[in-house]
2 protein chains.
Amino acid sequence: MTQMKASDRTTWREIMAEIVRRITDGPWGPGTLLPGEVEMARTFGCSRTTMNRALRAVADQGYLDRRRKTGTRVRLSPRRLARFEIPMVRDEIEASGAPYRYALVQREVAVAPKWVRARMGVEADARMMHLVCVHHAGDRPFQMEDRWINAGALPLVLEQSFAVVTPNEWLIATVPFSQVEISFLACAADAAAAEHLGHVAGEPVFTVESATWWQDQAITLVSLFYHKGYRMTTRY
Amino acid sequence: MTQMKASDRTTWREIMAEIVRRITDGPWGPGTLLPGEVEMARTFGCSRTTMNRALRAVADQGYLDRRRKTGTRVRLSPRRLARFEIPMVRDEIEASGAPYRYALVQREVAVAPKWVRARMGVEADARMMHLVCVHHAGDRPFQMEDRWINAGALPLVLEQSFAVVTPNEWLIATVPFSQVEISFLACAADAAAAEHLGHVAGEPVFTVESATWWQDQAITLVSLFYHKGYRMTTRY
DNA sequence: CAGTGGTCTAGACCACAAC
DNA sequence: TTGTGGTCTAGACCACTGG
């Protein structure tokens with residue numbers, strides 16, 4: 001059989017779209033057991049490789065459960081997967097058109113409070129760098145950052161002034177990470193948030209708390225407090 | 001050449017891990033231009049197909065920029081991608097071991113307030129179903145849900161009492177969705193949140209706001225207010 | 001125009017899991 | 001034991017994009 005032109009062949013994206021359509025509109029309602037890859041490849045007129053790619057993509061989108069021997073089944077309810085791209089503050093601010101400004105508010109080598117030590121899994125006597133800084137969008141405070149860095153795992157941090165380079169940018173350039181845990185929460189503005197973000201104390205503040213590890217060593221724990229009215233949004 | 005056993009062959013996962021290692025530890029620092037796929041396949045001792053799969057996976061993780069002609073380059077800072085699986089309340093509560101209980105607080109056909117209409121893109125005279133309900137984990141309120149459903153797009157909703165079936169479960173079983181927009185934010189507890197979630201009015205409440213469309217028709221807009229101390233967490 | 005990634009194919013062996 | 005998805009290979013054409 002003559003090779004078809006690539007533009008005429010069925011692509012995995014088209015097949016994926018058709019499968020999704022059949023799941024949402026069509027005959028493949030929730031719970032349906034789909035035909036095997038070999039058979040579907042025949043009916044779609046493509047190779048099994050392509051069929052597999054399309055099915056994997058649909059499964060990645062959360063519509064399908066795939067298991068060997070059992071086959072491919074349409075999930076009863078699609079997984080609701082939200083993908084948030086956590087941007088660097090600088091990028092987020094500059095993307096909005098405002099000039100970015102960084103201000104270091106506090107820098108100390110100190111013993112971390114108990115909840116920080118517990119969360120990072122470090123000893124009570126661990127030397128920690130504690131940083132507080134504010135990221136401005138033009139004249140307005142955008143985000144306040146309260147960060148602890150494990151100086152035991154990263155002695156270099158003690159030599160950094162962080163007067164100009166932000167902790168995040170320095171960390172990204174200096175250490176990789178293998179594990180990240182991110183939480184989103186709402187907390188009440190404390191005195192620092194009131195002072196640096198212009199909140200009234202007790203007001204709700206959208207907060208991101210993020211801890212990172214590298215090879216089982218805690219590197220940093222940071223709380224990011226956002227300005228009033230901030231929302232983190234994604235579409236899909 | 002004799003076929004090797006599959007268990008002896010290099011897998012795309014191993015190659016992916018090695019590439020990530022070289023990016024984080026190794027010689028391939030930020031900004032490095034990687035060799036082409038053909039050459040890398042040679043050095044890794046695999047087919048180009050496998051090499052491509054490994055590189056695509058690394059790129060999906062946010063480490064690489066890939067463009068035709070230009071080649072594959074290590075990103076200056078890795079994209080920070082957080083994937084949140086938004087669970088259904090019932091699953092989330094039952095996973096914690098507590099019994100799930102659902103209570104409908106309010107059900108009315110009404111005109112939506114302006115901000116709701118704006119966000120959903122519906123006319124001022126659109127018939128909307130307004131529902132308020134509370135999801136309990138055992139004795140304790142877990143989440144309050146304030147939902148608007150576009151009865152114009154979904155007349156069936158008018159026949160539903162929602163006394164037993166939750167709006168979310170009914171919607172999932174009834175309509176698919178093509179577009180979802182999710183926001184996370186912190187807002188202050190209002191009277192309803194105080195009453196149903198046990199908050200003090202004005203206290204911070206972690207809130208998820210989600211709007212869904214189906215073929216350019218707004219289906220539903222929902223605000224989910226979580227109990228005190230809730231955090232949405234992910235690891236990777 | 002030419003180089004690089006994007007994708008398709010046909011065939012093969014394998015791992016997992018239900019039986 | 002057997003059926004299903006997971007993956008690898010070798011070869012091919014194509015699409016995008018920088019020069």
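The chains referred to below are lettered A, B, ... by the order of the sequence lines, with proteins before strands, and numbering in each begins at 1.
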Within the modelled atom types, does a donor on one side and an acceptor on the other bring the side chain of R13(A) and the base of dG6(C) under 3.5 Å apart? no
Using OP1 and OP2 only, check whether a side-chain N or O of T72(B) sits under 4.0 Å from dG5(C). yes
For N52(A) and R48(A), does a side-chain donor sit closer than 3.5 Å to a side-chain acceptor? no
Looking at dG6(C), I'd like to know if its phosphate oxygens (OP1 or OP2) sit under 4.0 Å from a side-chain N or O belonging to R56(B). no
Less than 4.0 angstrom between a side-chain N/O of T50(A) and OP1 or OP2 of dT7(C), yes or no? no
So Y230(B) and Y226(B), would you call those rings parallel, tilted or perpendicular, with 30° and 60° as cut-offs? parallel
Pair of N/O donor and acceptor under 3.5 Å linking dA15(C) base with R68(A) side chain: yes
Check the phosphate of dG6(C) against N52(B), side-chain N and O only, distance under 4.0 Å to OP1 or OP2. Yes or no? yes
Closest approach to the side chain of C46(A), judged atom by atom: which nucleotide of dT9(D), dC8(C), dT9(C) is it? dT9(C)
Taking the six-membered ring for Trp, are F142(A) and H227(A) parallel (under 30°), tilted (30 to 60°) or perpendicular (over 60°)? tilted
Which is true for R67(A) with a 4.0 Å heavy-atom rule: it touches a base, it touches only sugar-phosphate, or it touches nothing? sugar-phosphate
Distance below 4.0 Å between R48(B) side-chain N/O and dG11(D) OP1 or OP2: no
